[in-house]
There are 2 protein chains.
Amino acid sequence: MSTPRGARARARTEVTAAIKDEARRQLAAEGAPRLSLRAVARELGMVSSALYRYFPSRDDLLTALIIDAYDALGEAAEAADARAGDMAPAQRWVAVCEAVRGWALAHPHEYALIYGSPVPGYSAPETTIPAASRVGVLLFGIVRDAHRQRGVARTPLPAELEPEARRMTDDLAPDLPPEVVTAGVAAWAQLFGLVGFEVFGQFNRVVEDREEFFRHAAARLAHGVGLVFP
Amino acid sequence: MSTPRGARARARTEVTAAIKDEARRQLAAEGAPRLSLRAVARELGMVSSALYRYFPSRDDLLTALIIDAYDALGEAAEAADARAGDMAPAQRWVAVCEAVRGWALAHPHEYALIYGSPVPGYSAPETTIPAASRVGVLLFGIVRDAHRQRGVARTPLPAELEPEARRMTDDLAPDLPPEVVTAGVAAWAQLFGLVGFEVFGQFNRVVEDREEFFRHAAARLAHGVGLVFP
DNA sequence: GGAAAACTGTGAGCGCTGCTCTCGCTGAAC
DNA sequence: GTTCAGCGAGAGCAGCGCTCACAGTTTTCC
């Protein structure tokens, strides 16, 4: 991050960034399966084997792009929440959902990289966890604010789910009621169901006015976690 | 389907089936990106180029597997519904959701093939549409039954969504109220959000007792489309 | 029944891929 | 100033999807 010591180190960070940039370009243009190390190297005017000095394998390059994608999505969501800062929690929730959808539609291949099929034989390393949690953390932050302001609506939990609900609550948001945490986790997954279906074309010939449809669905999601519209 | 005319035709259908079987085996073991035409041919004791007499390209073979996967999932869902035939619609809904989840967990790579990232530069041909619709059709059938029996709960729709809601209703279920159809489409997508998050590992370190969690979420989905538990 | 046409498997080959290894060069640390 | 780690070049390996000319077999048609 700060001053690299010598010209060599500086060059290294620059080349690394250039590789990631070109890889991201190819990813956006062609999708992850078509991302080729050799093509990246070719475009950068270097020989393919040189690239292995920077990323030990194609998967490592992909991992770097995955983290970047999670971060870009998280940033878009957080920016939308900041813009909606003085609105009611329910409206902030919808704004964040719409930002997630907007980013996904603008970057379908990067979205597919993080929320589509995982690359087989490769499990995302620990490094990705913080970046991957940003949207979830943000959504729970909104619910927490709502809870502080005026409490949230709660629907009872079946007895069999209570141990798990308590566990999730301790892990994710000890200051919220377990019913709300459970509903929040479900809503989090369901949000990406809506977005994924749209991005991956499952809504073709089914939903036409997808923006309006999504806004409504996101609002109902908010309702489901106990947020109320003023 | 019926009697093939000659020995040649019979052989052709047999070889075609053998190729699909072996391909499905490799798909289940390694995932779609690792599915290799040459490996399939090798395993079948034929030379790779011979395989092109049966499937003009790797994508065509994948398409065949996609249709099969949609059908297998649809069949699992329909079987579950049949087993729950005399229960209340809400319970049938949950049973179908659980069947979808169960199939997806048992066949993660085939699930990824149909509900994960689409293969870039390849759009699923029209042929896949009927198979792909089976789960949705089934879910709407349950809602329809509930509606016939005693009506379903309805939450009002915002004015901006009404044209689209009417459009979807005409297309999908003209005998149901637009509010219900809209909620049904959303629930359909959200179901696959829940399933996808579990299959693709997004629930790792978040949800532990996933079966119980899912059952509850599916029940809330049912509630969202107006189904009531007796 | 026999000629013509359609179908099927073979093997070589093209251009691409991820990845490895050895080789010289060069900037940096002691 | 020497030593050494880091770097790029280039050749090469095994694998991939796919094409093509060829030979053998089955079906079709007269």
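Note that the coordinates shown come from a computational prediction; the quantities given were computed from them, not determined experimentally. Below, chain A is the first sequence line, B the second, and so on; all start at residue 1.
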### Summary
To the nearest angstrom, the CG-C1' distance between B:Leu35 and D:dG15 comes to 14 Å
### Query
What integer distance in Å separates A:Arg42:CZ from C:dG18:C1'?
13 Å
### Query
Can you tell which of C:dC19, D:dC18, C:dT8 lies closest to the side chain of A:Ser48?
C:dC19
### Under 4.0 Å protein heavy-atom contacts per nucleotide of nucleotides 21-27 of chain C, with B for base, S for backbone only and - for none
B----BS
### Message
Within the 4.5 Å heavy-atom criterion, are B:Val225 and B:Leu139 side-chain neighbours or not?
### Response
no
### Message
As a test of reading the structure: which of C:dG9, C:dG18, D:dG8 is closest to the side chain of A:Arg38, going by heavy atoms?
### Response
C:dG18
### Task
Could you check whether B:Leu44 gets within reach of a base, just the sugar-phosphate, or nothing at all, counting any heavy atom under 4.0 Å?
nothing
### Query
Is it the case that more than 12 heavy atoms not belonging to B:Glu212 sit under 6.0 Å from its CD atom?
yes
### Task
Can you tell me the distance, in whole Å, between the CD atom of A:Glu43 and the P atom of C:dT17?
12 Å
### Message
Measuring centre to centre across the rings, with the benzene-like ring taken for any Trp, is B:Tyr115 within less than 6.0 Å of A:Phe200?
### Response
no
### Message
Is the phosphate of C:dT8 approached by B:Arg12 (side-chain N or O, under 4.0 Å from OP1 or OP2)?
### Response
yes
### Query
So what does B:Ser57 touch, heavy atoms closer than 4.0 Å: a base, only the sugar-phosphate, or nothing?
sugar-phosphate
### Task
Take the protein atom CG of A:Asp59 and the nucleotide atom P of C:dT17, then report the distance between them rounded to whole Å.
17 Å
### B:Leu62 CG to D:dG17 P, straight-line distance once rounded to whole Å
10 Å
### Query
Roughly, in whole Å, what's the span from CD1 in A:Ile19 to P in D:dC7?
10 Å
### Task
Answer yes or no: does a side-chain N or O of A:Tyr52 lie under 4.0 Å from OP1 or OP2 of D:dG8?
no
### Message
Under 4.0 Å, counting only non-hydrogen atoms across every strand here, what does A:Tyr54 touch: a base, just sugar-phosphate, or nothing?
### Response
sugar-phosphate
### Task
Have a look at A:Leu61 and say if it touches a base, only the backbone sugar-phosphate, or nothing, with a 4.0 Å heavy-atom cut-off.
nothing
#### Entry: Closest non-hydrogen atom pair between B:Ala29 and B:His109, with its separation
O-CE1, 4.1 Å
### Task
Using a 4.5 Å cut-off on heavy atoms from C-beta on, say whether the side chain of A:Phe213 contacts that of B:Val185.
yes
### Task
If the plane angle is over 60° it's perpendicular, under 30° parallel, otherwise tilted; pick one for B:Trp188 and A:Phe197.
perpendicular
### Message
Assess the residue pair A:Asp171 and A:Arg167 against the criterion (salt bridge (Lys or Arg N to Asp or Glu O under 4.0 Å)); give the C-alpha distance rounded to whole Å, side-chain angles, the decisive distance to 0.1 Å, and a yes or no.
### Response
CA-CA 6 Å; A:Asp171 273 16; A:Arg167 226 204 30 69; 3.2 Å; yes
#### Entry: Distance in angstrom units between A:Leu51 CG and D:dG6 P, rounded
18 Å
### Which nucleotide in D:dC16, C:dG11, D:dG8 has an atom nearest any side-chain atom of A:Met46
D:dG8
### Summary
From CZ of A:Arg58 across to P of C:dT20 the rounded distance in Å is 14 Å
